[in-house]
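Every chain is numbered from 1 and lettered A, B, ... according to where its sequence line falls, protein lines coming before strand lines. Everything numeric in this text was worked out from a predicted model, so none of it was measured. In what follows, every heavy atom counts, from backbone to side chain, and hydrogens, waters and symmetry copies are set aside.
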Amino acid sequence: MREPALPQLAARHLSKAFNGVRAVDAVSFSIPDGAFLALLGPSGCGKTTLLRMIAGLEKPDGGELLFDDVAVAGPRGVLPPEARRLGMVFQSYALWPNMTVRGNIEFGLKVQKLAPDERRRRIEEVLEVVGLSGYAARRPHELSGGQRQRVALARSLALRPGLILLDEPLANLDAHLREAMLAEFRRLHSVSGATFIFVTHDQEEAMAVATHVAVMHRGRLEQVGTPEDLYRRPQSEVVARFIGRGRTLPVEVLASADGLCTLDLAGAVLKVAGHAPAGPGWLCFHASDLSPAPQRGPLAGQLAGQLAGEVVNQIFQNGVYASELAPLGIDVETISLALPERLAPGTRVEVQLSGGWVIPRRSSATPTLAGGTPATARSPA
Amino acid sequence: MAAETAGPRIRRAPATAPGPRKETLGGERLLLGLVLAYVLFTTFWPLAELFSAALRPGEDGRTLGLMRDVLASRATGRALWGSLVTSGLAVALSTVLGVGLAFAVSLIRLRSPAALVFLILTPLLIPSQTMALAWIELAGSGSPILGALGLAPAPGSANPLYSTGGIALVMGIEHMPLVFIATRAALRTVPADLIEAARVIGVPRHRIAASVVLPLVAPSILAGALLAFTAAIGNFGVPALLGIPGRVSVLTTLIYQRLNGFGPSAAGQVAVLALIMTVLAAAALALRSLALRRLAVPLPAGRPFEPSRSSPVGEIVLWLVVLVIAVMPLAALVMTALLPAIGVRFGLDTASLAQFAAVLANAAVRRAFANSLLLSAGCALVAVVVAVPFAYLAVRRPGWLVRALDVGVEAPWVVPGTVVALGMILAFLPPLPLIGVSLYGTLAILLIAYLARFLPLVLRPVTAAAQTADPALDEAARIVGAGLARRLACVFLPGVLPAAVAGAMLVVMTALNELTLSALLWSSGHETIGVMVFALQYEGNSTAAAAVAVLSTGLVFALCAAANAGARWLPERILPWRQ
């Protein structure tokens, strides 16, 4: 038995450039054994390159990659994918078209010189796990997209690797199948006990399956954390805006103590959770943190944490008016919230902030890492 | 991990803890080394020998003395002039015929366009010595067809094709398909909109063809014509059969005659002539790529023009032209082959299979067939074995060395065959280092020459097929731990097999009737079919030559038919004409 606290996969300052463009830029993280990590980011952020370096299909320019504390890539050499003993599901599934389903699964087992009996047992086992018993004699072109996906998974699982990499595995499936496959991934993750790393550009997908989500942006790792961490406690402006379509407002932090920041928002002084030191900061929040303040009555205009804005635009959606407000006194883009009624453009609305999180502005955005890997020094780009 | 989840539980494999080690590219390095050695041996070394021979100092030690002497000689001047004139006239004919036929086929609605196009392309499929022989039989005083029409030259008079004009005529028709293919492909990319726009504003049809369509396809026509020029400069079969008896000297036949007269020791001297041919061919190809890149206008994509108007007169003229250029010469050849002896008039009463029986009973002819079959099959097999890993490296592991090799192996296909053959003599006449055996005078030198020249015929389609394959297939095999040899055999090869087989068939069909290389490299006991046709005609035994030519052409068609019949046992998409 392995110590549960031991990180199974760790990267230190991992970098890779293509034609002078830094695709992966000094990325450091570590994930514990058995985790389900989603690498999340917009296309071109370097997440697939990072995954391919973990697989051994790309050679890093610098930095180190460790499996179970053993370097598989680093200054002393690079272990080729053939010797890494991991599983990978490709975006195109990469099923060998000249082999049957059985042949696709058996190929790796033959390569690993397993006895015929053992091979047959494993093929039956993984086909049952992915629900494709009876399809062993089919060829890849005779299968649907979802079935091909399952064969690709079965092929990876048959070798019983400790680490399975999934490169945008749902990109080629329709929305309905995606839901089903996400549930399947969760189930297979718990059945196999392997560590899964899942690359996606879709945060809904990432949030739905992953125990840990790593947000990447322009080759850099912005933050690794649980889905709730990312949503409630973003560590950078990029993460705050990306996750859940969050909004950020520039504020001045006046004081900070006990995880609460006192800040000045367009003249109003309020207290919001966060660890930002006094100075410029970002107030991060989501549409769900905003609600209209009571406009009439004894408390009107007296509650702390209020913000005023003018209605710019409204759309009737899901039973409420999704409204865009131009905040008064702050020179920023619009903020959005749900209002119960239609209001004329220009109407002043008082808004109440019921959550939020404060981070320093122009932060160095050093990602804190699950498992406590040391912080990363960023090379100037 | 909790074990209460439903379904069978998969146990974790024990973690392996391999220490860091060098990336195992050892297999790929070895493969690259083998490919490099192969290309150096079959291609770069012979060509380098040729160039160094051509650039040698003269007998008095002057720099480039040999080149100066050869360039100053009258024979060189005559041959160069002959090459330029015959090729220039041939290209003019190829261009007029090719462009005319391409426009006619594209603009007239035809009843059977496929049959017509196939017949237009036949001159390309028939080896040049067979083509020359067919025209000799058609135009000679004993012509079975012209004789029947009363148009044959008087008996005893020289064949009118034994002349500069004759060479140009036959080469012009032989290379016409090159211009035809280029023009037709370009015509297909002209959007119908452009033609319709001209018709709407009232431009008459002939003006549309001349002022709208022609300028758009002109760069492609020029490119096709330059390709035909390169082919004409390197053509050996036609000037050998027509020019040697007609005393018309061109570069390819001058090299052949010098080597025949003075033996392989003259190879160094004629290397200069080969260099001139290479320069001419390279200049034409450079101009061609310039024409395609600089002159070509980017065309908008659109529905291609479909001919809607039928023209009975045009169609009859078209069929007559095709009859003259493709059907009549071959008919004359077959009729000659059916004659029992030279000088006999062709008729139903005189026709017999005696010539076929005679040539098949001849040990040298049978040996030639065996040699050609062995050489072409062996060449196809080796080319596949080399091309598959070569294409793997070129597509999956591109680097400067692989790219250089990829361009380099094209050279023997692009330069005239005579140049390749000379390089082979220069490289392999001296005993090989280490083993001390000379390959000259063996079948091996022919095989190496064929391999150098025909490798691109397999490598191109295989590389193209490999480029369309998903690179993840190879990566997925690496992930499950498969080494290079296993990935090549089980993942890469199945994907490119159809292309490799198609390329191999093309090699067999081309190599079976090869003459240019064989004429310089054959030796007694190691004749090929092409050499046999040439030698029989040279001896004056034209009916036997015709019989061998008919047999070899029939053999190629029989191989096609056999492959066609066996198509259902082959993987899909393997035969080029069944797509």
Could you look at A:Leu95 and say if it's the side chain, the backbone, both or neither that has a heavy atom under 4.5 Å from chain B? backbone
Does a side-chain heavy-atom distance below 4.5 Å link B:Arg478 with A:Pro80? yes
In the structure I gave you, are the side-chain heavy atoms of A:Phe90 and B:Ile479 within less than 4.5 Å of one another anywhere? yes
Residue A:Arg122 versus chain B: region with a heavy atom under 4.5 Å: neither
So which atom in B:Cys490 and which in A:Asn98 form the shortest heavy-atom distance, rounded to 0.1 Å? O-ND2, 3.1 Å
Around B:Phe41, counting heavy atoms of other residues, nucleotides and ligands shown, do more than 12 lie under 6.0 Å from its CZ? yes
Where does A:Leu86 contact chain B at under 4.5 Å (heavy atoms): side chain, backbone, both or neither? both
More than 12 heavy atoms of other groups within 6.0 Å of A:Glu179 CD: no
Which heavy atom in B:Val480 sits nearest to a heavy atom in A:Trp96, and how many Å separate them? CG2-CH2, 4.1 Å
Please evaluate residues A:Lys110 and B:Arg486 with respect to the criterion side-chain contact (heavy atoms from CB on, under 4.5 Å), reporting the C-alpha separation (whole Å), side-chain torsions for both, the decisive distance (0.1 Å), and the verdict. CA-CA 11 Å; A:Lys110 274 186 185 163; B:Arg486 197 140 197 169; 3.8 Å; yes
Below 4.0 angstrom, N of the basic side chain to O of the carboxylate: do A:Glu82 and B:Arg487 qualify? yes
